Amino acid sequence: MTPPGDPGPEQPRTMSTYDFTAIEARWQAFWMEQQSFRCLGPGEEGFDPSKPKYYVLDMFPYPSGAGLHVGHPKGYTATDITARYKRHRGFNVLHPMGWDAFGLPAEQYAIQTGTHPAKTTAKNVDQFRRQLQALGFSYDWAREVNTTDPNYYRWTQWIFNRLFERGLAYQAEVPVWWCEALGTVLANEEVIDGMSERGSHPCVRKPLRQWMLRITEYADRLLDDLEGLDWPESVKAMQREWIGRSVGAEISFATASVSGEALGSDFTVFTTRPDTLFGASFCVLSPEHPLVAELTTPEHVDAVAAYQEQAARKSELERAELQKEKTGVFTGSYALNPAFAEGDPRRLIPVWIADYVLMSYGTGAIMCVPDGDERDREFAEAYGLSVPQVLEEDGTLCNSDFLNGLSQEQAVPKMVSFLEEQKLGTGKVNYRLRDWLFSRQRYWGEPFPVLHELNAAGEDTGERKTVADGDLPVTLPELEDFTPTASGDPPLARAEDWVKVVDADGKVWRRETNSMPQWAGSCWYYLRFMDPHNDQAAWDPEIEKYWMPVDLYVGGAEHAVLHLLYARFWHKVLFDAGLVSTPEPFQSLVNQGMVQSYAFKDERGALVPIDEVEETQEGEYQRQATGDKVERLVAKMSKSLKNVINPDDVIQEYGADTMRLYEAFMGPVTASAPWNPRDLPGVHRFLQRVWRLFDREAVTEAPEEVTRALHRAIKKVGEDLEQMNYNTAIAAMMEFVNACTKSEVGLTTAHAQAFCILLEPFAPHLAEELWAQSQGVGALADTPWPAYDEAWLKASTVEIPVQVNGKLRGKAQVAADADRDTIEGAARDAVAEHLEGTIRKVVVVPGRLVNFVVA
RNA sequence: GGGGGAGUAGCCCAAUGGCAGAGGCAGAGGACUUAAAAUCCUCCCAGUACGGGUUCGAGUCCCGUCUCCCCUACCA
């Protein structure tokens with residue numbers, strides 16, 4: 001073994017080993033010492049404003065107690081390669097990392113063990129940082145941010161004040177998901193099938209006074225501005241669906257008894273097909289609709305009450321999922337279809353209640369057109385309601401008076417103007433997007449900078465104000481007990497001294513005891529990275545102007561809607577307030593694929609830990625200890641499947657450079673693929689070959705083939721990196737090394753140095769080591785990307801396939817720069833025996849092929 | 001049901017409409033070695049899920065079908 005760190009320059013030249021452990025430790029220490037990846041921004045000494053900027057960002061992690069697994073570094077490796085590449089291309093590169101560290105796990109751990117969440121968080125952050133640094137990522141660690149740091153959440157609160165003063169934050173009594181086990185409300189999107197997303201605890205709907213953010217005010221802009229973003233189509237589609245803009249009309253229906261006597265209460269429905277109003281043969285109200293009681297006639301009271309009770313027990317999701325057949329009950333009352341004149345028997349239509357109509361969407365009431373809507377048809381058929389025809393086969397309207405013969409596009413505006421003239425309704429745009437439930441009953445989150453006024457009796461007057469910007473942050477009080485209080489108040493209510501505030505005038509205020517959801521900190525962290533130590537402002541406007549927008553944002557598809565929609569919303573608010581210079585934060589977005597893992601099941605179906613399994617022959621696996629056959633599956637990496645791969649183990653066995661190279665070589669960055677331990681030696685061998693190549697005696701003149709191979713590699717790696725095609729870039733480097741291996745001589749110094757630059761983004765530690773060995777001058781990370789010479793890309797002669805009628809019939813050798821006629825002539829000679837018929841056409845693609853089309 | 005994506009060699013993956021193969025894994029043989037490992041060399045392997053169409057030429061473009069993955073789902 002070569003002693004680590006000492007290649008022994010005085011010793012005779014012998015085969016040395018690739019001691020990745022020593023190499024990686026040496027260069028990581030070097031980078032730290034030299035601050036190699038310190039990124040300077042506007043206003044900092046040494047900043048070069050003439051260079052173009054590149055902001056490449058990872059979705060920052062929640063530092064969990066389990067540490068990093070090999071899935072995290074897939075995206076981080078991609079951004080690091082690109083960051084390093086852009087530095088070689090002369091960009092000022094902003095490439096930061098931080099921690100999204102508020103959240104439930106640390107708080108639950110605190111409840112169970114009494115360990116303060118701050119302590120748990122600090123420990124986990126240290127673990128994550130150590131693991132990331134062990135991979136040699138070129139983050140500027142001087143810019144590290146932590147959402148739980150008061151110097152950070154001071155500004156999260158400051159942004160809340162901006163939202164508040166713009167009328168975008170308000171309190172409302174809303175039915176919310178309450179999770180008893182977690183002791184908190186959850187947002188709709190944090191509840192799946194009536195269970196909490198975290199921990200799968202049962203949740204119930206419950207009306208509570210909560211903070212809301214008026215994201216719906218931005219619905220149209222959030223939708224329209226997706227257009228200009230370089231994002232995956234799938235993510236854009238998900239956001240569009242989440243916003244769920246639907247254009248239609250609200251139509252007001254008067255109510256009447258069976259005999260047609262007016263009942264005096266109107267209700268309004270929302271419909272996307274106002275043009276089919278002539279086909280509306282009944283109406284359905286949601287069981288929770290406020291008018292139900294009034295409209296229910298005495299003989300239907302029992303049935304309606306029973307139905308309402310049954311519906312109340314089911315969540316919206318249960319209603320949707322467990323309900324295959326439509327159910328509902330008649331109220332006994334009728335509505336008047338405004339399309340028909342008084343006296344027309346079609347005017348009187350029954351009003352039902354049914355749980356397929358949701359109170360939380362539209363108006364909680366619908367007009368039913370069984371001829372046009374599948375659900376309405378199903379309901380009508382189930383209960384024997386009439387199905388008047390209003391649509392022809394081709395979708396044009398019929399039996400619809402002034403709309404007959406019109407298409408939907410033509411008829412909708414006509415009907416809307418009819419309704420508006422008659423004051424029966426109005427055009428209306430509805431959204432599926434609801435306002436954002438922004439408060440949580442938790443300790444480990446940002447406190448709201450809000451004070452509630454109390455009167456002399458200590459009662460809430462309903463007045464409230466935000467804490468002045470200059471008095472921020474409102475820091476979290478120390479607590480011993482992190483559980484909610486007996487009265488159901490959030491844990492912060494336990495800090496009585498903290499809750500009670502007496503102002504200069506002696507007026508008493510009560511602090512808001514809710515805290516913000518975990519999304520808050522991640523809504524703007526990309527802004528703080530630009531100016532992380534500013535204690536006068538959240539960021540300096542000049543600095544913001546230079547760096548924004550984020551040029552490349554890489555993260556998991558699981559954040560397609562929530563994080564990315566919330567952050568876009570805040571960003572637009574900040575834009576409107578003149579605080580940021582771009583309407584969108586993230587210009588280009590990439591979802592890295594999932595790193596899955598093999599999992600193994602024995603014959604009884606029990607999971608077998610991945611490290612207890614061995615392969616017996618191709619495709620056959622057995623449990624090492626017992627020899628029992630096991631079956632291999634591909635699945636998400638998870639503790640429960642016992643198939644988690646720990647990056648620390650991989651680094652120990654193969655080194656960080658191999659790990660990085662493998663992550664990048666697995667396939668396209670967007671593709672999911674299982675972690676295949678069998679493939680690691682392959683990329684490791686490549687690095688070994690590079691090491692041995694540099695171990696050869698240097699030469700002063702390179703063989704022509706090696707020079708050609710190098711120039712091809714420079715071109716290909718550069719082009720592939722522009723496209724984030726990391727896997728094929730690595731293949732190009734492998735080609736070069738294979739060509740060198742064949743040549744059996746060493747590299748020239750110039751070739752060695754150029755190759756080090758190509759290798760650096762992928763395997764930076766080895767590249768630095770070889771750069772030093774090759775007498776590289778200056779910092780490798782900042783050395784310009786080598787240029788390739790076109791002249792070296794072309795071979796002097798090329799072999800061109802010659803086809804006849806599309807079939808390969810021969811090959812022609814021609815000079816690489818031969819003109820069309822020369823190529824055609826050579827091709828003719830090559831396939832002369834196949835050219836007996838009339839030649840109808842000759843296709844010559846220089847450098848590619850020749851095709852003769854014969855009769 | 002709706003939306004997004006993918007099907008190429010035993011496996012992972014490449015291929016501006018132009019010879020299906022860049023690279024890696026696995027497999028076979030050989031060289032080196034006292035031997036093994038490592039290393040090096042050589043070799044093996046398909047017509048691109050299926051059916052049509054456009055084209056001189058289709059893995060690639062168009063239409064239809066099948067399979068798989070992800071997201072979403074009574075939103076009126």
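Residue numbers start from 1 in every chain, and the chains themselves are labelled A, B, ... in the order their sequence lines are given, proteins ahead of strands. Computed from a prediction, not measured in an experiment: that's the story for all the values here.
Here B:G1 sits opposite B:U72 as a Watson-Crick or G-U wobble pair (both hydrogen-bonding atom distances under 3.5 Å). B:A38 is unpaired under the Watson-Crick or G-U wobble criterion, no partner having all donor-acceptor distances under 3.5 Å. When both pairing distances are held under 3.5 Å, B:G27 makes a Watson-Crick or G-U pair with B:C43. When both distances must be under 3.5 Å, the Watson-Crick or G-U wobble mate of B:A15 does not exist. The partner of B:A49 is B:U65, by the rule that a Watson-Crick or G-U pair needs both atom distances under 3.5 Å.
Comparing B:C43 with B:U34, their C1' atoms are spaced 29 Å from each other, to the whole Å. Here the separation of B:C71 from B:A76, taken at their P atoms, is 23 Å to the nearest Å. The same atom, C1', is picked in B:C63 and in B:G10; the two are 34 Å apart, to the nearest Å. When the P atom is used for both B:U33 and B:A28, the distance is 23 Å, rounded to whole Å. Across B:U48 and B:A58, the matching P atoms stand 11 Å from one another, rounded to whole Å.
Cation-pi geometry between A:K326 and A:Y356 is met: under 6.0 angstrom from the ring centre, within 45 degrees of the axis.
Residues A:H834 and A:F852 place their aromatic rings such that the two centres sit no closer than 6.0 Å.
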Note to self: Pair A:L229, A:L589 - check side chain to side chain contact (heavy atoms under 4.5 Å, CB included), show working.
What the structure shows: CA-CA 8 Å; A:L229 297 179; A:L589 173 76; over 6 Å; no
Next item on the list: Before giving the answer on side chain to side chain contact (heavy atoms under 4.5 Å, CB included), spell out for A:W242 and A:L433 the whole-Å C-alpha distance, their side-chain angles and the decisive distance to 0.1 Å.
Entry: CA-CA 6 Å; A:W242 190 265; A:L433 182 70; 3.6 Å; yes
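Looking only at distances, a side-chain donor or acceptor of A:R696 sits under 3.5 Å from a matching main-chain atom of A:V745.
A straight line from CD of A:E663 to P of B:C12 spans 18 Å, rounded to a whole angstrom. Computed from coordinates, the A:F282 CZ to B:A76 P distance equals 16 Å when rounded to whole Å. Note: NZ (A:K236) to C1' (B:G2) measures 20 Å, nearest angstrom. Put simply, NZ on A:K326 is 14 Å from P on B:A76, counting in whole angstrom units. The separation between A:W675 atom CH2 and B:C12 atom P is 17 Å, rounded to whole Å. Between the C1' atom of B:G2 and the CD atom of A:E374 lies a distance of 12 Å, rounded to the nearest Å. Residue A:Q723 contributes atom CD, which lies 11 Å from atom C1' of B:U16 at whole-angstrom precision. Between A:D679 atom CG and B:G10 atom P the separation is 17 Å, expressed in whole Å.
A salt bridge does not link A:E824 with A:R820: none of the charged nitrogens is closer than 4.0 Å to a carboxylate oxygen. A salt bridge does not link A:D373 to A:R273: none of the charged side-chain nitrogens sits closer than 4.0 Å to a carboxylate oxygen.
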Check: Can you give one letter per nucleotide of nucleotides 17-23 of chain B, 5' to 3': B if a protein heavy atom sits under 4.0 Å from the base, S if only from the sugar-phosphate, - if neither?
Finding: -BB--BB
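Looking at heavy-atom distances under 4.0 Å, A:P232 makes no contact with the nucleic acid at all. The residue A:S246 sits close only to the backbone: its heavy atoms come under 4.0 Å of sugar-phosphate atoms, none of a base. At a threshold of 4.0 angstrom between heavy atoms, the contacts of A:M733 with the nucleic acid are absent.
Heavy-atom nearest nucleotides on RNA chain B were determined for A:K742 and for A:N676, and the one closer to the 5' end corresponds to A:N676. Checking A:K716 against A:R273, the closest nucleotide of RNA chain B that is more toward the 5' end is the one next to A:K716.
Distances shorter than 4.0 Å separate some side-chain N or O of A:R685 from OP1 or OP2 on B:C25. Neither OP1 nor OP2 of B:C70 sits under 4.0 Å from any side-chain N or O of A:S672. The phosphate of B:C40 (OP1 or OP2) has a side-chain N or O of A:R689 nearer than 4.0 angstrom.
One side chain, A:N738 or A:R689, offers a donor N or O that lies under 3.5 Å from an acceptor on the other.
A side-chain contact (heavy atoms from CB on, under 4.5 Å) with A:V387 is found for exactly one of A:S281, A:C368, A:P370, namely A:P370.
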